[in-house]
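Down below is the structure, laid out as structure tokens.
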Amino acid sequence: MATLESPPLGTPSAMRSAFGTVLSALILLLIGVLAFSIRLFSVIKYESVIHEFDPYFNYRVTQFLSKNGIYEFWNWFDDRTWYPLGRVIGGTVYPGLTLTAGTIWWALNAINIPLSVETVCVFTAPVFSAFASWATYLLTKEVKGSGAGLAAAALLAMVPSYISRSVAGSYDNEAVAIFALIFTFYLYIKTLNTGSLFYATLNAIAYFYMVCSWGGYTFIINLIPMHVLLCIVTGRYSPRLYIAYAPLVVLGTLLAALVPVVGFNAVLTSEHFASFLVFIIIHVVALVYYIKGILSPKMFKVAVTLVVSIGLVVCLIVVAVLVALVASSPTGGWSGRSLSLLDPTYASKYIPIIASVSEHQPPTWPSYFMDINVLAFLVPAGIIACFSPLSDASSFVVLYIVMSVYFSGVMVRLMLVLAPAACIMSGIALSQAFDVFTASIKYQLGRSANSKDDAEDNTSTNNAPKDDSSSGKTDKGEEVAKERPSKKGKKKEREPADKPSVKSKILKKRALVLPLEASIVALLLLIMLGAFYVIHCVWAAAEAYSAPSIVLTSQSRDGLHVFDDFRESYAWLSHNTDVDDKVASWWDYGYQTTAMANRTVIVDNNTWNNTHIATVGTAMSSPEKAAWEIFNSLDVKYVLVVFGGLIGYPSDDINKFLWMVRIGGGVFPHIKEADYLRDGNYRIDSEATPTMLNCLMYKLSYYRFVETDGKGYDRVRRTEIGKKNFKLTHFEEVFTSHHWMVRIYKLKPQKNRIRGRAKKLKLKTSSGLDSKPAKKNPWI
Amino acid sequence: MMNLSRSVALISLFLLPLLSFSFSVDNPTDRRVLVLLDDLSLKSTHSIFFNTLKSRGFDLDFKLAEDSKLALQRYGHYLYDGLIIFAPSTERFGGSLDSKSIADFVDSGRDLILSADTSASDLIRGIATECGVDFDEDSSAMVIDHSSFSVSDVDGDHTLIAADDLVKSDAILGKTKIEAPVLFRGVAHSLNPTNNLVLKVLSASPSAYSANPSSKLSSPPQLTGSAISLVSVMQARNNARVVISGSLQLFSDRLFRSGVQKAGSPNKYEKSGNEQFVTELSKWVFHERGHLKAGSLVHHRVGETDEPAIYRIKDDLEFAVEILEWSGKSWEPYVADDVQVQFYMMSPYVLKTLSTDKKGMFHTSFKVPDVYGVFQFKVEYEKLGYTTLSLSKQIPVRPYRHNEYERFIPTAYPYYGACFTTMAGFFVFSFVYLYHK
């Protein structure tokens with residue numbers, strides 16, 4: 001792009017810049033291919049299936065969209081979930097991912113590439129991770145030049161944290177949202193650098209796409225105001241900042257309010273208030289600067305005192321109104337998930353349903369090394385690099401990394417937001433380090449060979465990226481120059497200043513040269529670091545993060561075992577039950593049941609109604625008869641439990657059971673957690689409490705379990721179960737999968753007759769007379 | 001092979017007429033009834049009762065209770081639609097019959113008349129218990145009533161009771177009122193008050209008690225007063241009907257014919273109420289009366305005829321259901337003013353009494369509540385003596401579509417105005433700013 005502008009074609013610098021552009025385009029293409037292909041391990045090792053839980057819902061929604069069109073999707077009232085409440089899907093779902101995949105599917109079909117919806121869904125995430133790495137390149141290029149951009153893009157293409165959410169088949173909101181997030185930030189920085197209203201508008205549209213895609217958009221609408229505030233406080237206010245921010249708030253808020261799931265929340269909830277507050281502040285600041293320009297210094301002082309006193313009063317009023325508004329809502333206007341970001345202990349204290357989700361837990365230290373690996377060491381170097389020199393753009397990425405580190409420490413899920421920031425920082429660090437080392441090697445070699453720079457450039461083509469980064473500087477300068485003359489003549493004086501600045505930089509670099517040996521060793525070490533990162537990433541993509549979790553495998557001495565119990569039992573449900581039958585299970589399996597078995601469920605992974613979930617939790621923690629009554633009142637026909645005791649599958653319902661008790665007890669106080677614990681320990685062996693041994697979950701999990709090995713040894717809890725031989729009175733087992741992972745029970749119908757109180761009579765007669773027929777059937 | 005196919009053909013030829021008459025949804029009255037007796041002489045001593053049944057078209061098959069060839073079903077099909085057990089002293093049935101198979105017989109929707117008597121066997125008591133009826137545990141106890149005995153009671157121990165405390169239900173006992181008291185001599189039984197499937201048809205008077213009449217009363221009797229039931233009925237959840245009587249004599253020719261005068265009452269009747277009582281009760285138990293059938297639930301929007309797949313909130317809808325009553329020979333329209341429909345989602349949001357057109361159609365119309373969700377039309381009709389109707393039909397109710405809301409709200413006109421004046425103002429401002437020097 002810059003090559004077209006640079007004057008005389010054929011000069012060495014123009015050639016070099018053209019070569020660099022082509023090379024970086026090629027590298028970017030390869031990065032895209034890398035980002036796509038590293039995510040295909042799941043398809044190669046398993047099969048092309050949708051993964052986990054939420055993706056099944058998204059898949060089902062996409063199917064509906066592709067079948068019925070966008071208006072039906074918008075107005076979709078789903079009567080097969082949250083029975084009997086139903087769920088208005090169109091108004092409660094972030095439609096970005098679905099619309100994206102639906103559009104891709106439609107476009108492919110329109111050009112006669114008849115892919116199935118499922119295929120499109122499976123490969124949406126890898127495609128968008130390629131886009132995300134390109135967006136990272138753009139963003140980092142805006143911050144520190146294209147060398148850093150390429151390094152950051154390459155790092156992001158394979159960062160494990162992002163891979164964990166975007167392998168083929170992981171069809172979740174985050175897949176497209178991370179791209180949208182980075183791209184929005186890129187456009188913000190671009191607007192900030194150029195002051196172009198065109199980019200500001202694009203920025204608002206990118207923000208709209210982000211709002212469509214993921215609830216994490218609040219991160220953007222809080223981070224950008226924070227950066228604006230930072231710029232104002234540090235005296236970096238400029239019209240470019242105003243253009244970057246004000247249109248985003250106005251257009252962005254208007255657009256966000258168009259997304260049904262956000263709607264009036266865009267102006268009503270506290271998550272968005274920061275942006276409005278900063279919107280007011282930036283106007284005040286802009287006004288102050290304007291007035292300062294037209295008034296004499298003395299007049300200005302008078303005006304300041306006047307405005308400050310009036311402004312204080314207005315601010316106080318606004319704050320008072322805001323406080324009153326916020327205080328009038330029960331949660332103070334903050335949703336539970338957001339509150340748990342500010343106070344990490346909030347959720348576990350007050351909202352068990354949020355705390356019960358493992359990805360809402362704070363991460364452990366090892367998970368940082370697992371998810372961002374060597375980036376954790378490079379980030380500080382990147383931060384330092386950002387401070388020399390500090391620009392608007394680099395201060396933004398510093399703020400971004402600081403905020404995302406904080407948030408990732410609160411919730412393991414937000415590690416995903418940290419990953420791009422860490423990649424950008426590490427990209428900058430790597431690029432700067434390469435810059436310094438290669439420049440000093442070049443200088444040292446040049447001094448010894450006493451030759452010219454030009455000769456060296458021809459020989460050291462393999463150092464192209466770092467050359468790029470230095471030329472990226474000029475690119476950027478030129479680009480800025482290119483934009484500005486068309487807009488404002490004011491910046492024109494800067495253009496000639498660019499060339500000398502490059503010269504002076506070279507001079508400066510000469511002062512920073514390192515010894516040749518140290519540079520070479522450091523370079524090698526850096527390359528090794530990169531190599532370890534690549535090895536780790538490939539390992540993580542291949543081994544750790546590509547399991548679809550609906551199919552499990554385990555490697556043992558006698559070969560590979562595949563556990564396909566989930567699909568086996570969902571298929572059983574869809575083939576053996578009536579289409580309107582209701583299936584109750586813990587909410588984790590709701591999405592899969594509706595998507596794979598096409599049966600109505602009571603609760604699912606969209607945990608919008610706590611009471612309903614608590615009802616199911618209460619049923620699971622109640623004795624059989626009470627549970628039967630609860631389920632019967634919900635028209636439930638089948639109860640599905642997941643049991644890992646036979647094969648040692650640890651995330652089964654017994655391990656989740658305490659959460660059911662807590663969530664149930666939160667609404668129905670007769671369920672008390674203490675009743676299920678023996679001296680504060682959760683156990684299912686013979687020491688377990690009678691409440692525990694008689695609750696429905698225990699019974700449904702361990703019914704007939706003793707028949708497997710004769711003593712009922714649970715391989716997950718590593719103990720023998722407490723109650724082994726028991727019969728079910730109100731439920732009957734209808735299906736148990738091959739490895740007992742899924743067990744399905746049917747509610748017995750109400751008894752046809754009610755017996756008299758004959759117990760006493762029976763005992764009496766059996767001692768006295770011959771009572772064979774009476775003894776024969778204890779059942780009826 | 002030939003042999004087999006021929007025998008199959010033979011069996012089907014033999015079964016065909018049987019099947020066509022057998023108990024079915026369309027023809028609920030029983031046809032084939034097995035009568036188990038512990039003594040074949042009962043056939044003559046209770047001939048009136050049996051003859052009325054025969055005259056009503058029942059096909060009675062008398063068997064001794066100990067008959068070793070007894071079987072209720074063959075090849076998985078029941079051979080009988082009804083069962084009368086007049087064998088109070090039988091300790092064990094012959095053949096494959098036991099209390100479980102009789103319970104299964106009831107659970108398959110078939111009917112039973114069970115009569116115990118003094119010193120009833122444990123088998124009979126066991127069957128009664130299965131049906132929710134508890135006979136007095138003292139096997140020698142009888143119902144004694146010193147105030148409402150029959151004056152014809154020659155023994156003087158006041159065990160022949162003239163009971164007139166009948167359940168008030170036209171469905172069970174017919175429209176004609178039973179004037180004369182019913183004579184009863186036998187054991188008492190009690191019902192669990194929480195059991196809503198069983199019902200006392202003939203209760204003892206408050207002065208009755210259950211004790212051994214030949215021995216002296218040492219301790220207070222366990223069963224007293226109107227807690228004692230003399231004859232009870234049970235209608236199971238699948239509408240199988242059971243009559244349990246504490247007296248076999250109740251059905252006998254002797255008590256059918258004898259006159260009755262209740263002690264302390266001036267009214268003397270030529271004939272006891274037994275025959276009418278037993279006949280009417282047998283009509284009920286064999287589904288000649290009080291059997292309802294409902295057609296499917298029909299609903300549609302007002303002004304339309306097709307049933308929609310989904311309603312919208314605040315839709316106006318019409319609901320109808322056809323209910324017919326079995327008269328013993330044909331289905332007649334059922335007429336009642338107490339049939340209700342619920343529009344139900346966890347709790348009834350709409351509860352409306354249906355009006356009838358006297359031709360069997362019950363209908364109403366109402367507005368769908370302003371709540372979306374998966375609703376059910378529910379008709380739960382439980383009327384004393386009638387079969388239970390429990391019908392439900394699921395129907396989702398959706399919120400407004402995006403284009404079904406009001407386009408312009410009157411209260412918002414100031415905002416529309418503000419919107420358009422701002423736009424116009426901006427246009428004017430731009431024009432002036434750009435072209436005015």
Side-chain angles (χ1 to χ4, degrees), chain A residues 70-92 258 260 578-582 600 602 609 611-612 615 633-635 749-766 768-780, chain B residues 91-93 97-104 106-109 121-123 125-135 137 139 189-192 194-198 234 236-240 242 310 312 344-346 371-376 392 394-404:
Chain A
I70 185 158
Y71 281 106
E72 287 303 310
F73 164 57
W74 184 3
N75 291 301
W76 185 15
F77 174 72
D78 187 4
D79 58 350
R80 304 195 73 75
T81 179
W82 290 95
Y83 182 87
L85 306 169
R87 178 182 171 198
V88 188
I89 300 276
T92 56
L258 294 182
D578 189 69
V579 76
D580 275 333
D581 282 346
K582 283 86 191 169
T600 309
I602 306 300
N609 188 323
T611 314
H612 223 50
T615 309
S633 74
L634 291 168
D635 300 327
Q750 231 177 345
K751 273 185 199 145
N752 193 33
R753 294 163 284 110
I754 301 173
R755 294 190 58 192
R757 48 148 180 94
K759 280 269 155 58
K760 217 160 65 181
L761 180 80
K762 282 269 154 71
L763 283 174
K764 214 169 158 187
T765 50
S766 67
L769 292 151
D770 172 38
S771 65
K772 270 247 168 78
K775 243 179 156 179
K776 223 171 155 182
N777 52 338
W779 269 106
I780 306 164
Chain B
E91 292 289 359
R92 186 185 291 178
F93 291 123
L97 223 61
D98 56 15
S99 77
K100 181 176 186 314
S101 66
I102 288 170
D104 288 344
V106 172
D107 287 344
S108 71
S121 70
D122 289 322
L123 175 64
R125 285 161 185 270
I127 297 170
T129 309
E130 292 295 339
C131 298
V133 167
D134 301 307
F135 279 108
E137 289 167 32
S139 57
H189 61 260
S190 64
L191 309 177
N192 184 354
T194 60
N195 185 344
N196 57 358
L197 300 177
V198 289
M234 191 271 283
R237 291 202 169 91
N238 64 354
N239 291 327
V242 176
I310 190 166
R312 197 199 67 193
Y344 182 95
M345 180 179 79
M346 296 210 275
V371 180
Y372 57 80
V374 183
F375 280 81
Q376 284 173 323
S392 68
Q394 182 177 318
I395 184 84
V397 174
R398 64 170 172 83
Y400 285 120
R401 286 174 65 92
H402 67 280
N403 54 2
E404 282 175 338

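Letters go in sequence order (proteins before strands), and every chain restarts at 1.
- Proximity to chain B is limited to the side chain of A/N75, based on heavy atoms less than 4.5 angstrom apart.
- Interface residue B/N238: backbone and side-chain heavy atoms are both found under 4.5 Å from chain A.
- Residue B/T194 does not touch chain A at all, counting heavy-atom pairs closer than 4.5 Å.
- Contacts between B/V106 and chain A at a heavy-atom distance below 4.5 Å involve backbone atoms as well as side-chain atoms.
- Taking CZ of B/F93 as the reference point, atom CD1 of B/I102 lies at 4.0 Å (rounded to 0.5 Å).
- In this structure, A/D79 CG and B/Y372 OH are separated by 13.5 Å, a value rounded to the nearest 0.5 Å.
- Looking at A/D78, there are no atoms closer than 4.5 Å to chain B (heavy atoms on both sides), in backbone or side chain.
- Residue contact with chain A, scored on non-hydrogen atoms closer than 4.5 Å, is absent for B/E404.
- Looking at B/L191, neither its backbone nor its side chain comes within 4.5 Å of chain A, counting heavy atoms on both sides.
- Counting heavy-atom pairs under 4.5 Å between each of A/P260, A/P84, A/G86 and chain B puts A/P84 at the top.
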**Request:** Run the numbers on B/M346 and A/L634 for side chain to side chain contact (heavy atoms under 4.5 Å, CB included), then give the verdict.
**Result:** CA-CA 7 Å; B/M346 296 210 275; A/L634 291 168; 4.1 Å; yes
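- Ring orientation note: the planes of B/H402 and A/W74 are close to parallel, at an angle under 30° on the 30°/60° scale.
- From B/L197, atom CG reaches atom CG of A/N752 across 8.0 Å, with rounding to the nearest 0.5 Å.
- In this structure, B/Y400 places its OH atom where more than 12 heavy-atom neighbours from other residues, nucleotides or ligands lie under 6.0 Å away.
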